[in-house]
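Residue numbers start from 1 in every chain, and the chains themselves are labelled A, B, ... in the order their sequence lines are given, proteins ahead of strands.
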Amino acid sequence: MRDSGEFDVSSALLDWYDRHAREMPWRVAPADRAAGVMPDPYRIWLSEVMLQQTTVAAVRDYFVRFTTRWPTVQALAAAPDDQVMGEWAGLGYYARARNLLKCAQVVTEQHGGTFPDTYDALLNLPGIGPYTAAAISAIAFDRPETVLDGNVERVMARLFDIHDPLPGSKPQLKKHAAALTPAARPGDYAQAVMDLGATICTPKSPACGICPVQAPCAARAAGTQSDLPRKTPKKPKPMRYGHVYIAQSDNGAFLMERRPDKGLLGGMLGWPGSEWSDGPAEAPPFPCEWQVLPGEVRHTFTHFHLILRIWTTTLPVGWSHDDLIVMEKHAFRPSDLPTVMRKAYDLWRST
DNA sequence: TAGCCGTGGGA
DNA sequence: TTCCCAAGGCT
């Protein structure tokens, strides 16, 4: 950072935030916050878990649905697993939803329904790691904790023109971020840095011309802002193949499965199917006249691409099968499905 | 500790 | 079309 003794980065960011804070359903606007309004820790916690590796645009509607259905942590703690998983369907990283329910139950049963306010206590809760513990403590309780997410990493790497690649440079970036964290309004400051990273100090084509901290930015001076932060290269994603089987009874019931809690799409509803590999297809779950649908489903997960063929059949009323769920027509909600299973359903329905 | 774990939007 | 990556956590 340039002229570090003459430019107050924290004050500049807070001033910018006061004028440009984005509206969000969980956020207390800076003017209201200045008037003494405190956020609801339940809503801050819920939003922060939803925002893990997920954009604000994707989270917004999910947050509204969750808080409408479960307005308090006690209400969420009392919710059945399948309803929570169904509401989370489509958001991804489904371990978050399982840990969300666990955390709500721990807070309700062991903390009297009140979220702890310290970093260390929050860190002990399921689904809350270093970032989220700091974010809840700062935003919900205005404690001087330093958040370090992808935005803050990028902003710090550029402000101080740090070329060491992530994730190795994380401690160094954290040190700079901590040094800038103000004693006053740490909650608004945390949101200010993240808003800056999301709207101005963006990964590609940062808008340095309108940046409130362009003056002290070392990368801006060196012209390296578009190359920072450096990251270690990622491995290419392999292709996998598989089959799914959609069987419906004459009365409209589907045969479905609840996936095991651990692993990919853990705890989610889905169609029975083969393993996903480059090997040969497995037989359908029961002998029947199966018909393959034209076309295929393509989907990309975090670490592989997938191509699925869809098979279908009609079953007599009353069919059942070990390990499979008979989902009656009135109980089936396509929105309960994770996206890859939803794609298979959409292809089936369109033919 | 490095691999696993989703999804949708933007370039 | 393909790649990147977003307010990470768990094991």
Side-chain angles (χ1 to χ4, degrees), chain A residues 21-22 24-27 39 43-63 85 88-100 102-103 122-140 145-155 166-168 170 174 177 187 189-199 201-206 226 229-240 259-268 270 276 298-306 335 337-343:
Chain A
R22 295 182 293 169
M24 300 178 192
W26 50 86
R27 174 173 282 178
R43 295 168 67 88
I44 297 302
W45 161 71
L46 179 60
S47 69
E48 289 300 340
V49 173
M50 287 183 166
L51 286 164
Q52 290 168 5
Q53 296 290 286
T54 310
T55 59
V56 170
V59 163
R60 195 177 286 270
D61 290 349
Y62 281 87
F63 178 86
M85 301 310 288
W88 197 275
L91 249 196
Y93 285 133
Y94 297 100
R96 292 186 296 173
R98 300 193 300 276
N99 285 327
L100 189 81
K102 283 185 203 166
C103 183
L122 287 161
L123 192 59
N124 280 327
L125 294 170
I128 297 184
Y131 162 76
T132 307
I136 296 172
S137 185
I139 297 170
E145 301 290 347
T146 300
V147 299
L148 190 68
D149 72 328
N151 290 305
V152 181
E153 288 170 356
R154 186 169 57 256
V155 170
L166 284 167
K170 230 173 177 173
K174 177 71 179 281
Y189 173 77
Q191 296 175 90
V193 185
M194 293 191 283
D195 270 21
L196 185 83
T199 61
C201 197
T202 51
K204 298 172 184 173
S205 307
S226 293
R230 291 185 53 199
K231 295 188 178 180
T232 54
K234 297 174 179 177
K235 290 182 178 179
K237 296 177 180 178
M239 186 71 72
R240 293 187 189 174
R259 300 175 63 88
D261 271 351
K262 298 204 172 190
L264 193 69
L265 307 179
M268 297 301 291
W276 296 343
R298 289 172 173 268
H299 191 73
T300 299
F301 292 99
T302 311
H303 52 294
F304 65 92
H305 303 286
L306 178 66
S335 62
L337 297 174
T339 297
V340 67
M341 299 297 174
R342 176 67 179 272
K343 285 182 180 177

*Please confirm whether any donor atom in the side chain of A:Thr55 sits under 3.5 Å from an acceptor in the base of B:dG9, or the reverse.*
no
*Starting at the 5' end of DNA chain C and moving along, which residue's nearest nucleotide shows up first, A:Ile128 or A:Met24?*
A:Met24
*Proximal nucleotide (of C:dA6, C:dG8, B:dT7) relative to the A:Arg154 side chain*: C:dA6
*So does A:Lys231 get a side-chain nitrogen or oxygen closer than 4.0 Å to the phosphate oxygens (OP1/OP2) of C:dA6?*
yes
*asked:* Can you tell me if A:Gln53 touches the phosphate of C:dG8, counting only side-chain N or O atoms and a distance under 4.0 Å to OP1 or OP2?
replied: yes
*NE2 of A:His305 versus P of C:dC4: gap in Å, rounded?*
10 Å
*Contact under 4.0 Å: A:Arg342 side-chain N or O vs B:dT7 OP1/OP2*: no
_Say we look at C:dT11 and B:dG6: how far apart would their P atoms be, to the nearest angstrom?_
14 Å
*Where do A:His303 and A:Phe301 land on the ring-ring contact (aromatic ring centres under 6.0 Å, His included) test, with the steps shown first?*
CA-CA 6 Å; A:His303 52 294; A:Phe301 292 99; 7.7 Å; no
*In whole angstroms, how far is the C1' atom of B:dG8 from the OH atom of A:Tyr62?*
10 Å
*Using the ring-ring contact (aromatic ring centres under 6.0 Å, His included) rule, take A:Tyr62 and A:Trp88 through it: C-alpha gap first, then chi angles, then the decisive distance, then the call.*
CA-CA 7 Å; A:Tyr62 281 87; A:Trp88 197 275; 7.3 Å; no
*Using atom CG of A:Leu123 as one end and atom C1' of C:dG9 as the other, report the distance to the nearest whole Å.*
10 Å
*Just checking A:Gly263: base, sugar-phosphate only, or nothing, at a heavy-atom cut-off of under 4.0 Å?*
sugar-phosphate
*Could you check whether A:Leu91 gets within reach of a base, just the sugar-phosphate, or nothing at all, counting any heavy atom under 4.0 Å?*
base
*Just compare C:dC10, B:dC5, C:dG8 and give me whichever is closest to any side-chain atom of A:Asn99.*
C:dC10
*asked:* Nearest whole Å is fine: how far is B:dA2 C1' from A:Leu166 CG?
replied: 15 Å
*A:Arg298 near the nucleic acid: base, sugar-phosphate alone, or nothing, with a heavy-atom cut-off under 4.0 Å?*
nothing
*Kindly say if A:Lys235 contacts the phosphate of B:dG3, meaning a side-chain N or O under 4.0 Å from OP1 or OP2.*
yes
*Please determine if a side-chain N or O atom of A:Tyr94 lies less than 4.0 Å away from the OP1 or OP2 oxygen of B:dT7.*
yes
*Within the pair A:His303 and B:dC4, is there a side-chain N or O less than 4.0 Å away from OP1 or OP2?*
no
*Report yes or no: does A:Thr202 contribute a side-chain atom to a donor-acceptor pair with the main-chain N or O of A:Ala198 at less than 3.5 Å?*
no
*Can you find a side chain N or O atom of A:His299 that sits less than 4.0 Å from OP1 or OP2 on B:dT7?*
yes
*Could you state the CZ-P distance from A:Arg259 to B:dG6, rounded to the nearest angstrom?*
9 Å
*Think A:Arg259 forms a cation-pi with A:Trp276, using NZ or CZ under 6.0 Å from the six-ring centre and within 45 degrees of its axis?*
yes
*asked:* On DNA chain C, compare the nucleotides closest to A:Pro126 and A:Lys234; which residue's is nearer the 5' end?
replied: A:Lys234
*Between the base of B:dG6 and the side chain of A:Thr54, is there a donor-acceptor distance below 3.5 Å?*
yes
*What nucleic acid atoms does A:Arg98 come within less than 4.0 Å of, heavy atoms only: base, sugar-phosphate, or nothing?*
nothing
*Hey, does the side chain of A:Arg154 reach the backbone of A:Gly197 with a donor-acceptor pair shorter than 3.5 angstrom?*
yes
*asked:* Treating A:Thr199 as the side-chain partner and A:Asp195 as the backbone partner, does any N or O pair qualify as donor plus acceptor under 3.5 Å?
replied: yes
*What's the NZ-C1' distance between A:Lys204 and C:dC3, to the nearest Å?*
7 Å
*asked:* Over all strands shown, is A:Met341 touching base, sugar-phosphate only, or nothing at heavy-atom distances under 4.0 angstrom?
replied: nothing
*Taking only side-chain nitrogens and oxygens of A:Thr300, does any of them come within less than 4.0 Å of OP1 or OP2 of B:dT7?*
no
*Where each residue is assigned the nucleotide of DNA chain B containing its nearest heavy atom, which of A:Tyr93 and A:Ala57 is assigned the position nearer the 5′ end?*
A:Tyr93
*With a 4.0 Å cut-off on heavy atoms, is A:Thr302 in touch with a base, just the backbone sugar-phosphate, or nothing at all?*
base
*asked:* For a quick check of understanding: with a heavy-atom distance under 4.0 Å over all strands, which category does A:Gly197 fall into, base, sugar-phosphate or nothing?
replied: nothing
*Over how many whole Å does the gap from A:Leu125 atom CG to C:dG9 atom C1' extend?*
13 Å
_Looking only at side-chain N and O atoms, does A:Arg27 offer a donor or acceptor that is under 3.5 Å from a partner on A:Gln191?_
yes
*Rounded off to whole Å, could you give me the NZ-to-P distance for the A:Lys237 and C:dT1 pair?*
16 Å
*Sugar-phosphate only, base, or nothing, as touched by A:Lys262 at under 4.0 Å among non-hydrogen atoms*: nothing
